Protein chains: 2
Amino acid sequence: MNVSNVELDKVATILKLLGDKTRLTMVKLLDTNDCCVCEFVEIFKTSQPAISQHVRKLKDVGIVREARKGQWVFYSLNKQSDYYPIIQTLLHHLPSQEYKLKELEVQGLRISCE
Amino acid sequence: MNVSNVELDKVATILKLLGDKTRLTMVKLLDTNDCCVCEFVEIFKTSQPAISQHVRKLKDVGIVREARKGQWVFYSLNKQSDYYPIIQTLLHHLPSQEYKLKELEVQGLRISCE
DNA sequence: TAAATATATAATAATTCACTTATATATTCA
DNA sequence: TGAATATATAAGTGAATTATTATATATTTA
């Protein structure tokens, strides 16, 4: 009784990617907000190249998309991905991470899309 | 709007474990059947120690349980685990792997619980 | 156009992972 | 009890992973 017909191998690949605290938090945030690299750098207190490498992995399997907006590159969840249904049900089980964005806002570090 | 209140870090750990083709298939099978190590050895065409190490990892985080039945050790999904709700929704998205057990049966390699 | 800002890529080092081989432990059965 | 069967553990190895530092590329702005 398989709801979707995505291959098990490919799901394993997606789960491996999401099996990382940083990337899982990213995806949880991206489900409700677009974010740019510099915001992630602030949120995760890690280097900019580390963040770039994480988002690239998510982009390579098609679960996030990038869009340049001026000097910034914004990332968003790709809701057209074959894996979005699985990811969405997964994210439902996770506590909201919105407070991380709230903290950025307080510090004046939130980048607006517009 | 978090359905469960399991911590994100811990979910990441679970997803990393399930982000392996062998373990993900195991868990999918264990959702509907108890299996012993020697069956997994046949199914995955890998060494007995490799299988033992996989099931131990699943046991260590509490998502499977073991029960000795004579000379065999049977593994089952622990439906009492805090992570079972997440795992169950995940498994709904995977194609059935029952055919692997059917193949064993045909070869007379299926071990009965009784 | 030059400086500042944001991001990506490359090279590399430390860690983790999944297998292998060898061996130990537990159970059954002749 | 001793041989056979099933499983677990330990040690070692090669590959994959994640971070870091250094540098390249792209965009904005003075």
Side-chain angles (χ1 to χ4, degrees), chain A residues 8-10 12-27 30 34-61 63-76 104 107-114, chain B residues 9-10 12-27 30 34-61 64-76 104 107-114:
Chain A
L8 186 139
D9 291 30
K10 291 183 179 170
T13 303
I14 299 298
L15 296 183
K16 186 191 285 189
L17 276 180
L18 298 182
D20 172 275
K21 191 174 112 180
T22 301
R23 286 190 298 261
L24 186 58
T25 306
M26 280 180 171
V27 168
L30 291 176
D34 293 0
C35 294
C36 69
V37 173
C38 63
E39 291 174 316
F40 282 146
V41 170
E42 276 302 317
I43 287 173
F44 295 110
K45 306 280 181 238
T46 185
S47 69
Q48 176 269 314
I51 296 298
S52 262
Q53 287 160 20
H54 281 304
V55 293
R56 184 170 46 157
K57 284 178 187 184
L58 296 174
K59 200 184 65 172
D60 284 350
V61 297
I63 67 186
V64 308
R65 282 181 165 161
E66 70 177 27
R68 182 172 276 276
K69 295 261 177 66
Q71 60 192 148
W72 298 291
V73 176
F74 278 83
Y75 286 89
S76 59
L104 276 198
Q107 297 175 268
L109 295 173
R110 188 87 169 93
I111 309 288
S112 167
C113 249
E114 312 312 320
Chain B
D9 291 31
K10 291 184 178 167
T13 303
I14 300 299
L15 296 182
K16 187 190 285 188
L17 277 180
L18 298 182
D20 173 275
K21 192 175 115 179
T22 301
R23 285 190 298 261
L24 186 59
T25 305
M26 281 180 171
V27 168
L30 292 176
D34 293 0
C35 294
C36 69
V37 173
C38 63
E39 291 174 316
F40 283 146
V41 169
E42 276 303 318
I43 287 173
F44 296 109
K45 307 278 182 241
T46 185
S47 71
Q48 176 269 314
I51 296 297
S52 262
Q53 287 160 17
H54 281 304
V55 293
R56 185 171 44 155
K57 285 179 187 185
L58 295 174
K59 201 185 62 171
D60 283 350
V61 297
V64 308
R65 281 179 165 162
E66 70 177 29
R68 183 172 276 277
K69 295 261 176 69
Q71 60 191 149
W72 298 290
V73 176
F74 278 81
Y75 287 88
S76 59
L104 277 198
Q107 296 175 268
L109 295 173
R110 189 86 169 92
I111 310 286
S112 166
C113 250
E114 312 311 319

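Below, chain A is the first sequence line, B the second, and so on; all start at residue 1. Note that the structure is predicted; figures quoted are calculated from it, not measured. Note that these values count all heavy atoms, side chains included, but never hydrogens, waters or copies made by symmetry.
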Residue-phosphate contact under 4.0 Å: [X] side-chain N/O, [N] OP1/OP2:
X: B:Ser47; N: C:dC19; answer: no
X: A:Arg68; N: C:dT7; answer: no
X: A:Arg23; N: D:dT18; answer: yes
X: B:Ser52; N: D:dA6; answer: no

Given the structure, check if the side chain of B:Gln48 and the base of D:dA8 hold any donor-acceptor pair shorter than 3.5 Å.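 Yes, the side chain and the base share a sub-3.5 Å donor-acceptor pair.
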| If you pin B:Val37 and A:Thr22 to their nearest nucleotides in DNA chain D, which one's is more 5'? |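 That would be B:Val37.
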Quick check on DNA chain D: between A:Gln53 and A:Gln71, whose nearest nucleotide comes earlier from the 5' end?
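It is A:Gln53, whose closest nucleotide lies nearer the 5' terminus.
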For [X], report the nucleic acid contact type (base, sugar-phosphate, nothing); a contact means any heavy atom under 4.0 Å.
X: B:Lys16; result: sugar-phosphate
X: B:Lys57; result: sugar-phosphate
X: B:Tyr75; result: sugar-phosphate

* Assign the ring pair B:Trp72 / B:Phe74 to parallel, tilted or perpendicular, where the plane angle (0 to 90°) is split at 30° and 60°. =>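 It falls in the perpendicular class, over 60°.
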- Do A:Leu58 and A:Val27 pass the side-chain contact (heavy atoms from CB on, under 4.5 Å) test, and can you show the C-alpha distance, the side-chain angles, and the key distance before you say yes or no? CA-CA 9 Å; A:Leu58 296 174; A:Val27 168; 3.9 Å; yes
Figure out the [atom1]/[atom2] separation between [X] and [N], and round it to whole Å.
X: B:Arg56; N: D:dA6; atom1: CZ; atom2: C1'; answer: 16 Å
X: A:His54; N: D:dT17; atom1: NE2; atom2: P; answer: 12 Å
X: B:Met26; N: C:dA18; atom1: CE; atom2: P; answer: 11 Å
X: B:Asp20; N: D:dA15; atom1: CG; atom2: P; answer: 18 Å
X: A:Phe40; N: C:dA8; atom1: CZ; atom2: P; answer: 11 Å
X: B:Glu66; N: D:dA8; atom1: CD; atom2: C1'; answer: 10 Å
X: A:Lys21; N: C:dT16; atom1: NZ; atom2: P; answer: 14 Å
X: B:Leu17; N: C:dT16; atom1: CG; atom2: C1'; answer: 13 Å

Going through the distances and angles, do B:Leu24 and A:Leu15 end up as a side-chain contact (heavy atoms from CB on, under 4.5 Å)?
CA-CA 9 Å; B:Leu24 186 59; A:Leu15 296 183; 3.9 Å; yes
Which nucleotide in the set C:dT20, D:dT7, C:dA6 lies at the smallest distance from any side-chain heavy atom of A:Trp72?
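The answer is C:dA6.
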Please give me the minimum heavy-atom distance between A:Cys36 and A:Ile111, naming the atom from each residue.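 Residues A:Cys36 and A:Ile111, closest heavy atoms: SG-CG1, 3.6 Å.
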Looking only at heavy atoms, what is the nearest atom pair of B:Leu17 and B:Arg23, with distance?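 Where B:Leu17 meets B:Arg23 most closely, the heavy atoms are O-NE, 2.7 Å.
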